[in-house]
Q: 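Structure below; questions to follow.
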Amino acid sequence: MKAPSSYARIYAVVRRIPKGRVASYGQVAALAGLPGAARQVGYAMAALRPGARVPWQRVVNARGEISARGEPGAEDLQRLLLEREGVRFDAAGRMDLARHGWRPRTRSSRRARSK
DNA sequence: GCAATGACGCTCT
DNA sequence: CAGAGCGCCATTG
């Protein structure tokens, strides 16, 4: 069998990110089976083709901020898409990962959730 | 096959 | 809390 590129796994993980939530590159990398390869996640997003059903907008850096890329305006687009999903940004242009951060199989979500 | 790049992450100052 | 430097890993030339 042909071993699928790591990108395919990365895209699969990104697709699993629920709406209104964001995941960091490092987290996506770890879930994709590439711990420490956060850079490659960003690289995979850059290689993402227009039309691909991948919510790349939900992928941000560990600081909860939108990373800058070679195309000006794209950051603004990402922020707009996230705000459209209910993600709130502060004056510094950063979002609260504790609130919007995606936690798959979390341990303490048993109670206290939603608000 | 080697060298450089790159939407990052973590630690120290 | 903010800024700067080094490290990691996969893809491309």
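So that the names make sense, note that chain A is the first sequence line, chain B the second, and so on, each numbered from 1.
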Q: How many whole angstroms separate atom CG of A/Leu82 from atom P of B/dA7?
A: 18 Å

Q: Would you indicate what A/Ala47 reaches in the nucleic acid, counting non-hydrogen atoms under 4.0 angstrom: base, sugar-phosphate, or nothing?
A: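 Result for A/Ala47 = nothing.
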
Q: Please output the side-chain donor-acceptor pairs of residues 61-69 of chain A that fall under 3.5 Å, not counting sequence neighbours, one pair per line with the distance.
A:
residue	atom	partner	partner atom	Å
A/Asn61	OD1	A/Arg63	N	3.1
A/Asn61	OD1	A/Gly64	N	3.1
A/Asn61	OD1	A/Glu65	N	2.8
A/Asn61	ND2	A/Glu65	O	3.0
A/Asn61	ND2	A/Ser67	OG	3.4
A/Arg69	NH1	A/Ser67	O	3.0
A/Arg69	NH2	A/Gln78	OE1	3.1

Q: Kindly write out the residues that satisfy salt bridge (Lys or Arg N to Asp or Glu O under 4.0 Å) with A/Arg39, not counting sequence neighbours, or none if the list is empty.
A: none

Q: Among all residues two or more places apart in sequence or in another chain, which pass the side-chain hydrogen bond (donor to acceptor under 3.5 Å, both in side chains) test with A/Glu85?
A: A/Gln57, A/Arg58

Q: Between C1' on B/dC10 and OH on A/Tyr25, what's the gap in Å once rounded to a whole number?
A: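 It works out to 17 Å between those atoms.
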
Q: Within the structure shown, what part of the strands sits under 4.0 Å from A/Ala62 by heavy-atom distance: base, sugar-phosphate, or nothing?
A: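 Result for A/Ala62 = sugar-phosphate.
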
Q: Would you check if A/Trp102 and A/Leu97 make a side-chain contact, meaning some heavy-atom pair closer than 4.5 Å?
A: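 When only atoms from C-beta onward are counted, A/Leu97 and A/Trp102 do not touch, as no gap falls below 4.5 Å.
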
Q: So what does A/Gln78 hit on the nucleic acid, given a heavy-atom distance under 4.0 Å: a base, only sugar-phosphate, or nothing?
A: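 The answer is base, as A/Gln78 lies within the cut-off (heavy atoms under 4.0 Å) of a base atom.
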
Q: How would you list, by chain and number, every residue that makes a side chain to side chain contact (heavy atoms under 4.5 Å, CB included) with A/Ala12, sequence neighbours excluded?
A: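 Testing A/Ala12 for side chain to side chain contact (heavy atoms under 4.5 Å, CB included), a comparison that skips the adjacent residues, returns none.
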
Q: When you measure from the side chain of A/Tyr11 to the backbone N and O of A/Ser6, does any donor-acceptor pair fall under 3.5 Å?
A: no

Q: Under a 4.0 Å heavy-atom cut-off, which of residues 86-97 of chain A touch DNA chain B?
A: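 Within residues 86-97 of chain A, no residue comes under 4.0 Å of DNA chain B.
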
Q: Are A/Ile17 and A/Val59 side-chain neighbours, meaning at least one heavy-atom pair lies under 4.5 Å?
A: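 The answer is yes; the side chains approach within 4.5 Å.
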
Q: Tabulated below should be each protein N or O lying under 3.5 Å from an N or O of nucleotides 4-11 of chain C; please produce it.
A:
residue	atom	partner	partner atom	Å
C/dC9	O2	A/Gln40	OE1	3.0
C/dC9	O2	A/Gln40	NE2	2.2

Q: Flag the pair A/Arg88 / A/Asp96 as yes when at least one side-chain heavy-atom distance between them is below 4.5 Å, and no otherwise.
A: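 No, side chains not in contact.
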
